[in-house]
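For reference, the structure discussed in these notes is given below.
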Amino acid sequence: MSLLKPFSKLPGLNTANILLVESEEQLQQKLAEALVEETAVTVNVRLAKSLPLPMENEEHRPRIDLVVFIINLTSELSFQSAEASLKYLDPGYFLGKVCFTVTKARNASVPTERLDAVRKLAASLHCPLVFAEDQTPDGVTSAAERLLTILKVAAGLVPMATALYLSNLTRCTVPPDIDQPSFD
């Protein structure tokens, strides 16, 4: 069990590699299919239920340009799995190469504390937080387009932009009154 390191391998020419981490695999496959439809660059998608990744085939594994943690807000296990997987990432990934994608945020049964916990986690790590609708094909396509934009920058395929710069522009922020009770 070793740390996943962002700069341990050389990048591929016009190639971007993304790792989708989701414990329940509800959105993961649909998102992967939408991402590989990109024609301007070659997008390689790797899927994992959690980190760490297995040690076998580590020398053949490409450089991972972006790690996306997919969190289903209706499942506490999904959040806990993503949180536990973070310790297997090298700190260099938190310089613009990690993103959180949240599903089922519109579900009425989702406790607001869970959404607040995800927002605090993303804000504390200075990572973007993307909300995705996984029930419709248009929602999956929209999420894939947003992740593809982040991936291209993280892979170094966008001139004059770096992952750290994009991270500063898109990172999740938490309002100062998030811990205060609401009076709705």
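For the numbers below, each heavy atom of this structure counts, side chains included, while hydrogens, waters and symmetry mates do not.
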Using the rule that two of Ile, Leu, Val, Met, Phe, Trp, Tyr join whenever any of their side-chain heavy atoms come within less than 4.5 Å, decide whether I64 and V68 are in one cluster.
-> no
What pairs with F100 under ring-ring contact (aromatic ring centres under 6.0 Å, His included), at least two apart in sequence or on another chain?
-> F69
Do the side chains of V102 and V130 get nearer than 4.5 Å, heavy atoms only?
-> no
Under 3.5 Å, which donor-acceptor pairs do the side chains of residues 36-47 form with other protein atoms, sequence neighbours left out?
unit_1 : atom_1 : unit_2 : atom_2 : d
E38    : OE2    : A40    : N      : 3.2
E38    : OE2    : K152   : NZ     : 3.3
N44    : ND2    : N17    : OD1    : 2.9

Reported CG-to-OG distance for the pair L73 and S78, which is rounded to 0.5 angstrom = 8.0 Å
Mind checking the CD-OG spacing from E22 to S75? Nearest 0.5 Å is all I need.
-> 9.5 Å
Is there side-chain contact between L89 and L3, with heavy atoms separated by less than 4.5 Å?
-> no
Quick one: side chains of residues 131-138, donor-acceptor pairs under 3.5 Å with protein atoms, not counting sequence neighbours, listed by atom name and distance.
unit_1 : atom_1 : unit_2 : atom_2 : d
E133   : OE2    : Q135   : N      : 3.4
D134   : OD2    : K104   : NZ     : 3.2
T136   : OG1    : G139   : N      : 3.0

Residues at least two apart in sequence or cross-chain that pass salt bridge (Lys or Arg N to Asp or Glu O under 4.0 Å) with R146, listed by chain then number, are none
Working for side chain to side chain contact (heavy atoms under 4.5 Å, CB included), residues F79 and L121 | CA-CA 10 Å; F79 176 70; L121 179 66; 3.9 Å; yes
Side chain to side chain contact (heavy atoms under 4.5 Å, CB included) evaluation trace for L157 with N14 | CA-CA 7 Å; L157 300 174; N14 277 343; 4.2 Å; yes
Is there side-chain contact between C99 and C127, with heavy atoms separated by less than 4.5 Å?
-> no
Between CG of N72 and CG of L77, what distance do you get to the nearest 0.5 Å?
-> 10.0 Å
List the steps, then state whether side chain to side chain contact (heavy atoms under 4.5 Å, CB included) holds for T101 with I71.
-> CA-CA 6 Å; T101 298; I71 300 172; over 6 Å; no
Which residues pass the side-chain contact (heavy atoms from CB on, under 4.5 Å) test with K9, sequence neighbours left out?
-> R61, R63
Residues two or more places apart in sequence or in another chain: which of them pass salt bridge (Lys or Arg N to Asp or Glu O under 4.0 Å) with E33?
-> none
Do F94 and L51 belong to the same hydrophobic cluster, where Ile, Leu, Val, Met, Phe, Trp and Tyr are linked whenever their side-chain heavy atoms lie under 4.5 Å apart, directly or via other members?
-> yes
Following the transitive rule for hydrophobic clusters with a side-chain heavy-atom cut-off under 4.5 Å over Ile, Leu, Val, Met, Phe, Trp and Tyr, establish whether I18 and L31 coincide in one cluster.
-> yes
Take E76 and R114 through the test salt bridge (charged side-chain N to carboxylate O under 4.0 Å, His left out) and record every step on the way to the result.
-> CA-CA 8 Å; E76 179 67 27; R114 193 169 300 146; 3.0 Å; yes
Find out if a path of hydrophobic residues (ILVMFWY) with successive side-chain heavy-atom gaps under 4.5 Å connects I70 to V67.
-> no
In terms of heavy-atom contacts, K87 and A84 come closest through CG-O, 3.3 Å
Given the rule that I, L, V, M, F, W and Y join up when any side-chain heavy atoms are under 4.5 Å apart, are L66 and L4 in one cluster?
-> no
Under 4.5 Å between any side-chain heavy atoms of S50 and S85, yes or no?
-> yes
Could you check V153 against T162 for side chain to side chain contact (heavy atoms under 4.5 Å, CB included), going step by step and ending with a plain yes or no?
-> CA-CA 6 Å; V153 173; T162 65; 5.7 Å; no
So how far is it from L129 CG to K120 NZ, rounded to the nearest 0.5 Å?
-> 14.0 Å
If you measure from NZ on K30 to CG on L20, what distance do you get to the nearest 0.5 Å?
-> 13.5 Å
Hey, what do you get for CD (Q29) to CD (E25), rounding to the nearest 0.5 Å?
-> 8.5 Å
